[in-house]
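Step one of this worksheet: look at the structure below.
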Number of protein chains: 2
Amino acid sequence: MAAVRHFNRSVTQRVGALDDTYLTRGRPLAQARLLWEIGPAGAEVATLRTRLNLDAGYLSRLLRVLEGDGLVLVGSAGGDGRVRTARLTATGRAEWDVLDRMSDELAWSILEPLSDSQRARLAGAMAEVERLLMASLVDLQPRHPGDPAARACLRAYARELAGRFEGGFDPARSGVDEEALVPPNGVFLVATLSAEPVGCGALRLHPGEPAEIKRVWVSKSVRGLGVGRRIMAELERRAAAAGADTVRLDTNRTLTEAIGLYRATGYHEIPAYNDNPYAHHWFTKPLDPAAAPSR
Amino acid sequence: MAAVRHFNRSVTQRVGALDDTYLTRGRPLAQARLLWEIGPAGAEVATLRTRLNLDAGYLSRLLRVLEGDGLVLVGSAGGDGRVRTARLTATGRAEWDVLDRMSDELAWSILEPLSDSQRARLAGAMAEVERLLMASLVDLQPRHPGDPAARACLRAYARELAGRFEGGFDPARSGVDEEALVPPNGVFLVATLSAEPVGCGALRLHPGEPAEIKRVWVSKSVRGLGVGRRIMAELERRAAAAGADTVRLDTNRTLTEAIGLYRATGYHEIPAYNDNPYAHHWFTKPLDPAAAPSR
DNA sequence: CCTATTGCCTGACTAAAGTCAGCAATATGA
DNA sequence: TCATATTGCTGACTTTAGTCAGGCAATAGG
């Protein structure tokens, strides 16, 4: 913990301040950041607002200033007439390129005094910090299966299975009524990374019988960060809290990473307990009721 | 380089923003930072000014506000009546404790979702990034030997040698006229880490003869970061640029790390070329004139 | 003892950042 | 079609941050 605190103080403040003062080009920080965030591809105003976490009024005013300086054009593009899109003008693009170059210079000024091996170590350590920090920012919350984030996950889940299973995948045939995944009959968990859905998992409770885990999916963007493991653990915790003494699940033989995860976390294979047409393997795991109330 | 840029953007901004918004307790950021920096031990106003890099007037005003809130007391303590010292009152100390606790919580919120092995990896990677970033912030500049930072280095150098040599160390007997270490007869380099002197090295030019390296010292706080190596390389570069084709140096047998560094960077031992009473070993290294103009 | 310097404080600013309420245009769902 | 929500814009603020010049008291140096 001391390492984290120390890191936050020294690295974050020092490097952050460097970045902030160096990459503004005389412009106020907020304007420079906005210009940078719009980028060569342009961006919707709403996206900018969430990404930079700005007040709608303040953002609008900043856009007006950049527009006044001839760097940016805001226009309504595409279907919804309320949604406005900011694009860089030629001048704006040139400015952006300068910022890009300066960003490179700044990075180089950090690397320049280091030896080759130090540079390699720094890059490696930075990537590792970034990755693990990302992992720790993944938030796991129960949501209604009809919630937009939940729907997005279920769509991604179905799309992925359809691509991997030999004969495609039709969610309707898999024997899960997604709408039923709400208390007290079950729960649907969604993992998000800064509001972006990146994973999910469902628990179906059958009083007097083992609870059942379904619809576990993790986005490619966060695989290897332990999100799947966290989802499973939380589902098991909730199953135990609801009084189940066992969980079980079925899976397709093409999902080898998932099968590996199940085995690694205490599941063992059992004979078929249902007739899910997509299932090739069935697993079970006993729950420890004492562990349930934790968290 | 991409790793550095990416890291700067994502980690620095995200974590930094978290820190800044979370650790203010409704107070403006600058006030909160100042309160934190004063700390339970108190601090001199001048120290605060350099550490937080604030305008004297602004800092004074911030102190007045904290004083008005009953969190801080500023009084002249100790010898120099101009130097004022800020201390926390009981209320201020309580506030500081809250900040301390919240800082812990923030760190924990990052670690909590991670597995034990991930936590260990994160701590390791953070420490590595911090260390290497520190190394890259060390600045190496020529200074007049009479400059305060240079004097501080020479004092630290003498103090260290006095502690390590069997018979103590008297700079006057070592045959170096420190005032002569200025162009065109020589050069004195000082390494600083955010204005703090952390290392030095001198070059004495003898036209027609080998240049001589003297007074190489690196503070304990930055050892192992390659600062010594950088000082040596820069001295050699300047020697070559001044036309020398060889450098040489003498050293004491108790300075084993230094001897290791000399051997590792291309020096080989030669017979005594002077009668320095503190020297046991003499080294030389041929210079590559082609490399001189670089940088 | 006179003078310059150092360390801090104060007043008078400016600029940037951020907030809030209300408005207009457009979508959406019953 | 109509009520309701969403999206963004504008004007009118307040608060923070930061700068600069001038001034006073304590101290160091001759």
Side-chain angles (χ1 to χ4, degrees), chain A residues 13 16-17 20-21 23-38 42-69 72-87 146-148 151 195, chain B residues 13 16-17 19-38 42-69 72-87 146 148 195:
Chain A
Q13 297 223 355
D20 288 353
T21 57
L23 295 180
T24 57
R25 300 250 304 149
R27 226 180 301 287
L29 180 57
Q31 280 177 40
R33 269 217 264 267
L34 177 55
L35 184 68
W36 175 258
E37 206 62 46
I38 292 171
E44 293 184 359
V45 174
T47 316
L48 295 170
R49 202 173 47 228
T50 56
R51 276 220 291 255
L52 294 168
N53 194 23
L54 292 174
D55 172 85
Y58 184 31
L59 172 59
S60 174
R61 198 148 306 127
L62 288 172
L63 282 171
R64 237 36 60 222
V65 173
L66 291 181
E67 229 174 6
D69 291 353
V72 163
L73 270 177
V74 181
S76 27
D80 192 329
R82 296 166 306 179
V83 175
R84 317 250 294 154
T85 306
R87 310 199 162 282
D147 167 294
R151 285 212 175 287
Chain B
Q13 297 223 355
D19 244 59
D20 288 353
T21 57
Y22 191 67
L23 295 180
T24 56
R25 300 249 304 148
R27 227 180 299 287
L29 181 58
Q31 279 176 41
R33 269 217 265 267
L34 177 55
L35 183 68
W36 175 258
E37 206 62 46
I38 292 172
E44 294 184 358
V45 174
T47 315
L48 294 170
R49 202 174 45 227
T50 56
R51 276 219 291 253
L52 294 168
N53 194 23
L54 292 174
D55 172 87
Y58 184 32
L59 172 59
S60 174
R61 199 149 304 130
L62 287 172
L63 282 170
R64 237 37 60 220
V65 173
L66 291 181
E67 229 174 6
D69 290 352
V72 162
L73 270 178
V74 181
S76 27
D80 193 329
R82 294 166 305 183
V83 176
R84 318 250 295 152
T85 305
R87 311 198 162 283

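No experiment lies behind these values; they were computed from the predicted model shown.
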Item to check | Atom pair CD1/OG1 of A/Ile38 and A/Thr47 - distance to nearest 0.5 Å | outcome: 11.0 Å
Next on the checklist: If I compare all heavy atoms of B/Thr24 with all of B/Ala32, which pair ends up nearest, and what's the gap?
Outcome noted: CA-CB, 3.8 Å
Checklist outcome for this item: Here the pair of heavy atoms bringing B/Gly81 nearest to B/Ser76 is O-CB, 3.7 Å
Checklist entry - With the sugar-phosphate defined as primed atoms, P, OP1 and OP2, and the base as all remaining atoms, what B/S/- string results for nucleotides 3-8 of chain C, 5' to 3', for protein heavy atoms under 4.0 Å? => result --BBSS
Next on the checklist: Test of understanding: with salt bridge (charged side-chain N to carboxylate O under 4.0 Å, His left out), list the residues that count as partners of B/Arg25, not counting sequence neighbours.
Outcome noted: B/Glu95
Checklist entry - Taking only residues two or more places apart in sequence or in another chain, which ones pass salt bridge (charged side-chain N to carboxylate O under 4.0 Å, His left out) with A/Asp69? => result none
Next on the checklist: If the helix axis at each end comes from five base pairs, how far does the helix from C/dC1-D/dG30 to C/dA30-D/dT1 deviate from straight, to 10°?
Outcome noted: 30°
Pairs of donor and acceptor atoms involving the side chains of residues 60-67 of chain A, under 3.5 Å and at least two apart or interchain, shall be tabulated with distances.
from	atom 1	to	atom 2	distance (Å)
A/Arg64	NH1	A/Glu67	OE1	2.5
A/Glu67	OE2	A/Val74	N	3.2

Checklist outcome for this item: Residue pairs passing the salt bridge (Lys or Arg N to Asp or Glu O under 4.0 Å) test with at least one member in residues 45-55 of chain B, sequence neighbours excluded, are B/Glu37-B/Arg51
Next on the checklist: If you apply the rule side chain to side chain contact (heavy atoms under 4.5 Å, CB included), what do you find for A/Leu54 with A/Leu48, and how did you get there?
Outcome noted: CA-CA 8 Å; A/Leu54 292 174; A/Leu48 295 170; over 6 Å; no
Next on the checklist: Over all strands shown, is B/Leu29 touching base, sugar-phosphate only, or nothing at heavy-atom distances under 4.0 angstrom?
Outcome noted: sugar-phosphate
Checklist outcome for this item: 5'-most to 3'-most nt of DNA chain D touching chain B (<4.0 Å, heavy-atom partner on protein side) reads D/dT16 to D/dT27
Next on the checklist: Suppose we screen for side chain to side chain donor-acceptor pair (under 3.5 Å). Which residues come up paired with A/Arg33, at least two apart in sequence or across chains?
Outcome noted: A/Asp20
Next on the checklist: Restricting to side chain to side chain contact (heavy atoms under 4.5 Å, CB included), what partner residues turn up for B/Asp80, sequence neighbours left out?
Outcome noted: B/Arg82, B/Val83
Checklist entry - Rounded to the nearest Å, what distance is computed from the CZ atom of residue A/Arg27 to the P atom of nucleotide C/dA15? => result 17 Å
Can you name the atoms? Protein N/O to nucleotides 18-23 of chain C N/O, anything below 3.5 Å, with the distance.
from	atom 1	to	atom 2	distance (Å)
C/dT19	O4	A/Arg61	NH1	3.2

Checklist outcome for this item: Output for pair (A/Leu29 CG, A/Leu34 CG), nearest 0.5 Å, gives 11.0 Å
Next on the checklist: List the residues meeting side chain to side chain donor-acceptor pair (under 3.5 Å) with B/Tyr22, not counting sequence neighbours, and say none if there are none.
Outcome noted: B/Glu105
